[in-house]
Amino acid sequence: MKKLYIAANWKANKTWEEVSAWVKTFLETYQKVADLEIILCPSFIYLSQVKQLINMYKAACVLGAQDISPFPKGAYTGEVTGEQIKEYADFVIIGHSERRGHVGETDDLLEKKVAKAIEYNLTPIFCAQDENTPIPDSVSIIAYEPVSAIGTGNADTPENANKVAKEIKEKKPNAKYLLYGGSVTKENVGSFITQGHIDGVLVGKASLDPLEFCSIIHNAKK
Ligand code: PGA
């Protein structure tokens with residue numbers, strides 16, 4: 001069976017006390033599900049500690065970063081490089097509409113970030129806002145995230161998400177996995193996952209509660 005990806009994007013939420021409580025509750029509740037890859041994406045500063053907890057609990061989940069520097073190591077104050085991220089994480093979210101909107105990230109910059117991720121053996125989860133978003137050819141995991149659905153409680157319809165997923169896969173032969181993101185909840189996750197062209201979900205707000213995120217995982221069945 002094809003693998004499904006369930007990713008938690010915590011964005012700029014949680015202090016260390018909250019992160020450690022989340023991870024402990026989650027890891028005590030979560031039952032491993034075959035063929036599901038669970039990716040936790042905390043802020044950079046918690047990658048190392050969350051990794052330690054994952055190892056301690058021997059948990060079947062991996063880490064993703066929420067961003068990556070387009071630069072090599074060196075005199076780039078404030079940047080976090082692929083080489084540094086790779087010590088803890090396997091994935092990196094690139095091209096989220098919040099970074100395009102709030103930080104002004106451009107298609108050109110995102111291409112450089114994808115190239116850096118690949119150079120350091122990190123798998124980009126590249127966010128596309130619609131079927132016309134420019135996507136670098138090398139990416140294999142794409143998250144279709146319509147801006148109107150992010151954080152609004154107004155998810156796309158599973159049928160439309162599936163249609164866009166199909167269009168993106170047709171345009172991008174290397175796009176093996178297409179995730180849907182935007183107001184995913186434990187109630188609606190099944191309706192997205194059962195669509196033929198959708199291979200997982202990227203979850204923001206609903207991933208902030210460990211029990212809700214566990215329910216999302218357990219309801220994510222093809
Ligand atoms: P949301 O965010 O689940 O809170 O809508 C999704 C995302 O931005 O990845």
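Both ligands and their constituent atoms are indexed starting at 1 by order of listing.
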| task | Name all residues meeting the ring-ring contact (aromatic ring centres under 6.0 Å, His included) criterion together with Tyr177; count only those two or more places apart in sequence or in a different chain, and write none if there are none. | result | Tyr5
| query | Less than 4.0 Å between a side-chain N and a carboxylate O, is that true for Glu170 and Lys166? | reply | yes
| field | Residues lining ligand 1 [heavy-atom distance under 4.0 Å, listed by chain and residue number] | value | Asn9, Lys11, His96, Glu145, Ala149, Ile150, Gly151, Gly182, Ser183, Leu202, Val203, Gly204, Lys205
Identify all side-chain donor-acceptor contacts of residues 193-200 below 3.5 Å with residues at least two apart in sequence or on another chain.
{"unit_1": "Thr194", "atom_1": "OG1", "unit_2": "Gly190", "atom_2": "O", "d": "2.7"}
{"unit_1": "Thr194", "atom_1": "OG1", "unit_2": "Ser191", "atom_2": "O", "d": "3.4"}
{"unit_1": "Gln195", "atom_1": "NE2", "unit_2": "Ser191", "atom_2": "O", "d": "3.3"}
{"unit_1": "Asp199", "atom_1": "OD1", "unit_2": "Lys2", "atom_2": "NZ", "d": "3.4"}
{"unit_1": "Asp199", "atom_1": "OD2", "unit_2": "Lys169", "atom_2": "NZ", "d": "2.8"}
{"unit_1": "Asp199", "atom_1": "OD2", "unit_2": "Leu178", "atom_2": "N", "d": "2.8"}

| said: If we count only N and O atoms by modelled type, under 3.5 Å, do the side chains of Asp156 and Tyr144 hold a donor and an acceptor together? | reply: yes
| field | Carboxylate-amine/guanidinium contact Lys163 Glu167, below 4.0 Å | value | yes
Under 3.5 Å, which donor-acceptor pairs do the side chains of residues 89-101 form with other protein atoms, sequence neighbours left out?
{"unit_1": "Asp90", "atom_1": "OD1", "unit_2": "Lys86", "atom_2": "NZ", "d": "3.3"}
{"unit_1": "His96", "atom_1": "ND1", "unit_2": "Glu98", "atom_2": "N", "d": "2.9"}
{"unit_1": "His96", "atom_1": "NE2", "unit_2": "Glu145", "atom_2": "OE1", "d": "3.2"}
{"unit_1": "Glu98", "atom_1": "OE2", "unit_2": "Lys11", "atom_2": "NZ", "d": "2.9"}
{"unit_1": "Arg99", "atom_1": "NE", "unit_2": "Glu105", "atom_2": "OE2", "d": "2.8"}
{"unit_1": "Arg99", "atom_1": "NH2", "unit_2": "Asp67", "atom_2": "OD2", "d": "3.2"}
{"unit_1": "Arg99", "atom_1": "NH2", "unit_2": "Glu105", "atom_2": "OE2", "d": "3.2"}
{"unit_1": "Arg100", "atom_1": "NE", "unit_2": "Gly95", "atom_2": "O", "d": "3.4"}
{"unit_1": "Arg100", "atom_1": "NE", "unit_2": "Gln129", "atom_2": "OE1", "d": "3.0"}
{"unit_1": "Arg100", "atom_1": "NH1", "unit_2": "Asp107", "atom_2": "OD1", "d": "2.8"}

